[in-house]
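No hydrogens, no waters, no symmetry mates; every other heavy atom, side chains included, goes into these values. Residue numbers start at 1 and run along the sequence shown.
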Amino acid sequence: MKKILVTGAAGFIGFHLSKKLISQGFLVVGLDNINDYYDPNLKLDRLKKLGIDITEAKRNNQISKFQSFKFIRANLEDKKTLMELFKNEKFDIVCNLAAQAGVRYSLTNPHAYLNSNILGFLNILECCRYNKINHLIYASSSSVYGLNKKIPFSVKHNVDNPISLYAATKKSNELMAHTYSHLYELPTTGLRFFTVYGPWGRPDMALFLFTKAIIDGKAIDVYNFGKMQRDFTYIDDIVEGIFKIIIKEKKQDYNIYNIGNNNTVELLDFISNIEKKLGKIAKKNMLPIQPGDVSKTWANVDQLIKDYNYQPSTSIKDGIDRFIDWYIDYYKPYG
């Protein structure tokens with residue numbers, strides 16, 4: 001039975017991936033520092049769903065009720081702890097989803113990105129190198145495309161023009177992974193995520209912010225005066241894609257893939273779907289585009305389809321409906 005390390009296991013994608021792996025009989029060790037970039041209680045409640053006693057989550061080696069999931073609270077920057085963890089657990093595969101996320105936050109707190117996304121990722125690479133990990137799968141981002149004007153975005157396009165520090169750190173991760181694949185024959189796969197959404201999502205993301213504001217009767221901020229397009233990708237489609245990569249034997253040393261919905265949605269259409277589900281019209285603050293942001297994303301996922309039979313299938317309506325159902329059940333805004 002393969003043992004897999006999932007970093008960022010209390011995060012949005014890491015939580016869902018851990019749950020999937022547990023259900024498929026894998027041994028999973030989850031690592032997270034449970035920082036306060038957004039409400040730690042949401043992260044703790046995700047861990048609770050994975051069987052972790054949240055009152056004990058500050059301690060190491062918490063075995064869950066599933067008996068196939070163990071949780072470690074630690075920072076990626078803590079090289080000593082990581083080295084000991086890798087030595088003791090003897091992982092087959094590592095899924096590094098832990099990172100400091102968010103384009104706008106990188107404008108105000110840049111050092112958090114260097115610490116987590118650069119130093120932390122270097123520590124992961126070093127641990128994989130010295131412990132002969134079979135495959136490192138790691139999170140990159142659609143943000144690396146920056147000022148690229150070619151649509152849809154292809155992994156064959158140049159990505160040398162990032163427009164946020166967050167994007168620059170993710171591009172750096174890809175370069176670092178390439179170096180370790182070349183020097184140490186470490187198989188690596190980078191995944192450029194495109195606007196992931198769904199139940200248990202991050203509170204700093206548009207769907208979460210819009211839903212909360214509309215329910216509360218407050219105005220939502222609509223950037224670029226609504227002239228935004230995004231390749232919104234439902235969480236189950238993302239997790240299924242990662243799972244297919246995990247279970248297929250890795251043949252090549254280094255790869256980068258887009259992982260998205262292979263479609264693009266107008267921001268105002270996205271908002272309209274939220275309004276329909278809630279039965280309430282949003283008050284809109286129409287604003288210019290924010291520094292570091294891009295007006296359009298769209299993933300070409302042909303290579304992921306070819307290599308792993310990736311098949312995103314969730315419509316934007318169904319995905320939004322499922323998120324709002326979860327939001328109302330979790331937060332109970334109507335009492």
Side-chain angles (χ1 to χ4, degrees), residues 4-23 28-66 68-78 81-82 85 94-106 108-109 112-113 115-117 120-121 123-124 137-139 141 166 169 193 195-209 211-212 233-236 238-239 242 322-333:
I4 301 177
L5 172 65
V6 178
T7 71
F12 176 33
I13 301 175
F15 157 69
H16 282 280
L17 177 62
S18 297
K19 187 169 66 171
K20 171 76 172 182
L21 292 171
I22 291 167
S23 73
V28 181
V29 175
L31 182 146
D32 204 291
N33 66 359
I34 318 181
N35 67 24
D36 60 359
Y37 170 63
Y38 60 81
D39 184 8
N41 290 316
L42 179 59
K43 301 177 184 183
L44 292 171
D45 283 343
R46 292 180 186 134
L47 289 176
K48 188 175 181 180
K49 286 288 183 180
L50 296 174
I52 295 298
D53 182 347
I54 62 174
T55 64
E56 298 291 329
K58 292 183 179 181
R59 298 172 58 191
N60 286 343
N61 300 321
Q62 289 298 303
I63 304 300
S64 81
K65 65 183 179 184
F66 299 111
S68 57
F69 181 74
K70 182 188 294 185
F71 176 71
I72 308 294
R73 183 167 186 174
N75 288 301
L76 294 186
E77 302 95 299
D78 185 352
T81 295
L82 281 184
L85 179 65
V94 173
C95 293
N96 184 54
L97 303 178
Q100 179 57 61
V103 169
R104 291 166 193 156
Y105 188 62
S106 70
T108 59
N109 195 2
Y113 291 78
N115 291 334
S116 179
N117 300 5
F121 189 62
N123 289 340
I124 288 289
I137 301 164
Y138 64 94
S141 169
Y166 169 67
T169 63
F193 293 117
T195 317
V196 188
Y197 75 101
W200 296 96
R202 281 176 23 213
D204 62 324
M205 298 293 283
L207 178 53
F208 203 112
L209 293 169
T211 298
K212 184 179 189 305
T233 316
Y234 189 66
I235 184 61
D236 289 1
I238 289 285
V239 167
I242 301 172
R322 292 172 196 170
F323 169 81
I324 292 176
D325 286 341
W326 166 80
Y327 182 93
I328 291 172
D329 178 67
Y330 182 76
Y331 286 102
K332 298 178 173 51

Side-chain heavy atoms of [X] within contact of [Y], under 4.5 Å:
| X | Y | answer |
| --- | --- | --- |
| F323 | I235 | no |
| F69 | V6 | no |
| I328 | I324 | yes |
| V239 | D236 | no |
| Y331 | K212 | no |
| L17 | I4 | no |
| F193 | I238 | yes |

Relative to each other, are the rings of [X] and [Y] parallel, tilted or perpendicular (30° and 60° limits)?
| X | Y | result |
| --- | --- | --- |
| Y327 | F208 | perpendicular |
| Y37 | Y105 | tilted |
| Y138 | F121 | tilted |

If I take atom [atom1] from residue [X] and atom [atom2] from residue [Y], how far apart are they, to the nearest 0.5 angstrom?
| X | Y | atom1 | atom2 | answer |
| --- | --- | --- | --- | --- |
| K70 | I52 | NZ | CD1 | 10.5 Å |
| F12 | D204 | CZ | CG | 11.0 Å |
| S68 | L21 | OG | CG | 9.5 Å |
| N35 | N75 | CG | CG | 8.0 Å |
| F71 | L50 | CZ | CG | 9.5 Å |
| I72 | N33 | CD1 | CG | 13.5 Å |

Handout entry: Side-chain donor or acceptor of N96 paired with backbone N/O of T7 under 3.5 Å
Key = no

Handout entry: Side-chain (N117) to main-chain (A99) donor-acceptor, under 3.5 angstrom
Key = no

Exercise for the section: Return yes when atom NZ of K20 has more than 12 non-hydrogen atoms of other residues, nucleotides or ligands closer than 6.0 Å, and no otherwise. Expected result: yes

Handout entry: S18 to V28 - nearest heavy-atom pair and separation
Key =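 Heavy-atom minimum between the residues: OG-CG1, 4.2 Å.
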
Practice task
Specify the closest pair of heavy atoms between H16 and W200, including all atoms of both residues, with the distance to one decimal.
Solution key: NE2-CB, 3.9 Å

Problem - Stacked cation flag K43 on Y38, 6.0 angstrom / 45 deg - result: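 Yes, a cation-pi geometry holds between K43 and Y38.
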
